[in-house]
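Comments concern the structure below.
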There are 2 protein chains.
Amino acid sequence: MCSSFDPGKCPTVSEMLSRLGDKWTVLIIMVLRNGPQRFSDIKRTVVGVSQRMLTLTLRALERDGMVRRTVYATVPPRVEYELTELGQSFSEPIQAFGGWVFENYNQIHTARAAFDARSEAERGNDKLIKIG
Amino acid sequence: MCSSFDPGKCPTVSEMLSRLGDKWTVLIIMVLRNGPQRFSDIKRTVVGVSQRMLTLTLRALERDGMVRRTVYATVPPRVEYELTELGQSFSEPIQAFGGWVFENYNQIHTARAAFDARSEAERGNDKLIKIG
DNA sequence: CGGGATCCCTTCTGATACTG
DNA sequence: CAGTATCAGAAGGGATCCCG
């Protein structure tokens with residue numbers, strides 16, 4: 001099993017985790033929860049994504065069976081992306097995680113402020129010691 | 001709210017997501033679920049982590065209020081890390097996600113194999129066309 | 001419209017050496 | 001033991017140009 005937490009032993013979990021961590025995957029999945037979308041629509045909705053990264057991310061999701069890509073042979077070409085069942089299922093634990101952050105981000109910010117204040121204080125002391 | 005999925009509008013969620021995606025955070029959190037641990041113990045348990053990355057990751061988790069660091073003024077020095085309540089709570093949606101991957105990774109692997117086979121076939125065709 | 005290919009810069013991460 | 005400091009290679013990601 002995965003009980004030793006050796007990334008070499010549970011490569012799929014690690015992979016999926018870093019997929020989550022990349023800059024665009026989660027955003028794109030959330031957008032696709034609203035139904036099938038064209039390439040340009042996604043690009044417009046996911047603010048800041050480059051053409052390149054959108055393509056790469058969609059390809060990766062397609063490869064993992066999360067997204068289905070449908071090409072319509074029209075002029076101009078029309079390509080639609082939609083979540084598969086697997087992709088929908090995948091989006092649920094992600095949403096749960098997002099929900100957790102929303103409920104707890106005050107505590108996170110507070111902790112950060114406290115930590116930074118302490119660090120600041122320590123650096124200040126160092127300075128005094130060095131100067132004195 | 002976060003409904004536009006603009007990372008600029010929900011920076012905390014994005015930050016926490018990329019924290020998840022980094023190579024060691026999740027592993028370390030899972031190890032700390034077993035109770036307080038010394039630096040060297042964690043390093044031994046989390047196979048492959050460098051001293052540097054372990055330090056950096058623990059510092060980040062401490063700053064976010066997920067981990068508490070306790071220094072005992074003994075010789076040699078002894079430093080213990082443990083999950084805070086926030087950290088424990090944080091680990092739950094992560095576990096849920098890990099569980100999802102475990103239950104579904106067969107489908108993921110199958111999808112990948114199918115995708116790769118298709119790509120392979122297309123490259124093969126290209127070759128034939130070019131050669132012909 | 002929906003990409004593929006290329007260039008380039010930033011960030012991440014590992015290896016190594018040194019310290020209280 | 002538990003770090004810090006420095007450096008170099010690898011990976012991530014944006015900008016740009018081109019094509020069917």
Side-chain angles (χ1 to χ4, degrees), chain A residues 6-8 14-15 17-28 31-32 36-63 67-82 119 122-123 125-126 129-130, chain B residues 6-8 14-15 17-28 31-32 36-63 67-82 119 122-123 125-126 129-130:
Chain A
D6 177 349
S14 296
E15 277 182 57
L17 238 15
S18 47
R19 185 68 46 85
L20 280 196
D22 81 24
K23 218 168 161 185
W24 306 111
T25 296
V26 169
L27 263 19
I28 291 170
V31 167
L32 289 179
Q37 316 248 346
R38 301 183 57 171
F39 187 88
S40 324
D41 293 335
I42 305 173
K43 184 161 182 352
R44 214 168 301 117
T45 310
V46 178
V47 178
V49 70
S50 66
Q51 198 171 42
R52 168 190 154 82
M53 289 316 295
L54 182 53
T55 302
L56 289 179
T57 307
L58 285 170
R59 284 286 176 284
L61 287 171
E62 190 194 356
R63 184 171 112 98
V67 160
R68 180 166 28 251
R69 176 170 179 270
T70 312
V71 182
Y72 299 93
T74 59
V75 179
R78 173 191 185 85
V79 181
E80 272 190 5
Y81 294 89
E82 63 184 320
S119 308
E122 282 167 27
R123 276 212 308 280
N125 287 343
D126 286 0
I129 290 167
K130 280 175 188 167
Chain B
D6 176 349
S14 296
E15 276 181 57
L17 239 14
S18 47
R19 186 68 46 85
L20 282 197
D22 79 27
K23 218 169 162 184
W24 307 111
T25 295
V26 169
L27 263 19
I28 291 169
V31 167
L32 288 179
Q37 317 249 348
R38 301 184 56 169
F39 187 88
S40 324
D41 294 334
I42 305 173
K43 184 158 180 356
R44 213 169 303 117
T45 310
V46 178
V47 179
V49 70
S50 65
Q51 198 171 39
R52 168 189 155 81
M53 289 315 295
L54 182 54
T55 302
L56 288 179
T57 308
L58 285 169
R59 284 286 178 284
L61 286 171
E62 191 194 355
R63 184 171 113 97
V67 161
R68 183 168 24 252
R69 178 171 177 268
T70 312
V71 183
Y72 299 93
T74 59
V75 178
R78 175 192 185 83
V79 180
E80 272 190 6
Y81 294 89
E82 62 184 322
S119 308
E122 282 168 26
R123 275 211 307 281
N125 286 343
D126 286 0
I129 290 168
K130 279 174 188 166

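All values below come from the heavy atoms of this structure, side chains included, with hydrogens, waters and symmetry mates left out. Note on naming: letters A, B, ... go to the chains in the order of the sequence lines (proteins, then strands), and numbering restarts at 1 for each one.
- The side chain to side chain contact (heavy atoms under 4.5 Å, CB included) test applied to A:Val71 returns A:Arg69, A:Val79, not counting sequence neighbours.
- Between B:Leu54 and B:Trp24, the closest side-chain pair of non-hydrogen atoms is not below 4.5 Å.
- A:Asp22 places its CG atom 15 Å from the C1' atom of C:dT11, with the value rounded to the nearest Å.
- A search for side chain to side chain contact (heavy atoms under 4.5 Å, CB included) contacts involving B:Ser50 returns B:Arg52, B:Met53, not counting sequence neighbours.
- Where A:Met53 and B:Pro76 each meet DNA chain D at their nearest nucleotide, the meeting point lying more 5' is that of B:Pro76.
- In this structure, CG of A:Leu58 is placed 8 Å from P of C:dG3, rounded to the nearest angstrom.
- The phosphate of C:dG3 has neither OP1 nor OP2 within less than 4.0 Å of any side-chain N or O from A:Lys43.
- Considering only heavy atoms from C-beta on, A:Leu32 comes within 4.5 Å of A:Ile42 through its side chain.
- For B:Arg68, the side chain to side chain contact (heavy atoms under 4.5 Å, CB included) partners at least two apart in sequence or on another chain are B:Thr70, B:Glu82, B:Thr84.
- Residues B:Val46 and B:Ile28 form a side-chain contact, since some pair of their non-hydrogen atoms from C-beta on lies under 4.5 Å apart.
- With A:Thr25 contributing its side chain and A:Asp22 its backbone, the two residues share no donor-acceptor pair below 3.5 Å.
- First and last contacts of DNA chain D with chain B, using any nucleotide atom under 4.0 Å from a protein heavy atom and ordered 5' to 3', fall at D:dC1 to D:dT6.
- The interatomic distance linking B:Leu54 (CG) with C:dG14 (C1') rounds to 14 Å, in whole Å.
- With sequence neighbours left out, A:Glu80 forms a side-chain hydrogen bond (donor to acceptor under 3.5 Å, both in side chains) with A:Arg78.
- Between C:dG3 and A:Tyr81, a contact under 4.0 Å exists linking OP1 or OP2 to a side-chain N or O.
- Rounding to whole angstrom units, CG of residue A:Asp41 and C1' of C:dC1 are separated by 11 Å.
- Taking 4.5 Å as the limit, some side-chain heavy atom of B:Gln51 sits within range of a side-chain heavy atom of B:Phe39.
- Between the NZ atom of A:Lys23 and the C1' atom of C:dT11 there is a distance of 11 Å, given to the nearest Å.
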Readout for nucleotides 15-20 of chain C: B = base within 4.0 Å of protein heavy atom, S = sugar-phosphate only, - = neither; 5' to 3' it is B-B--B
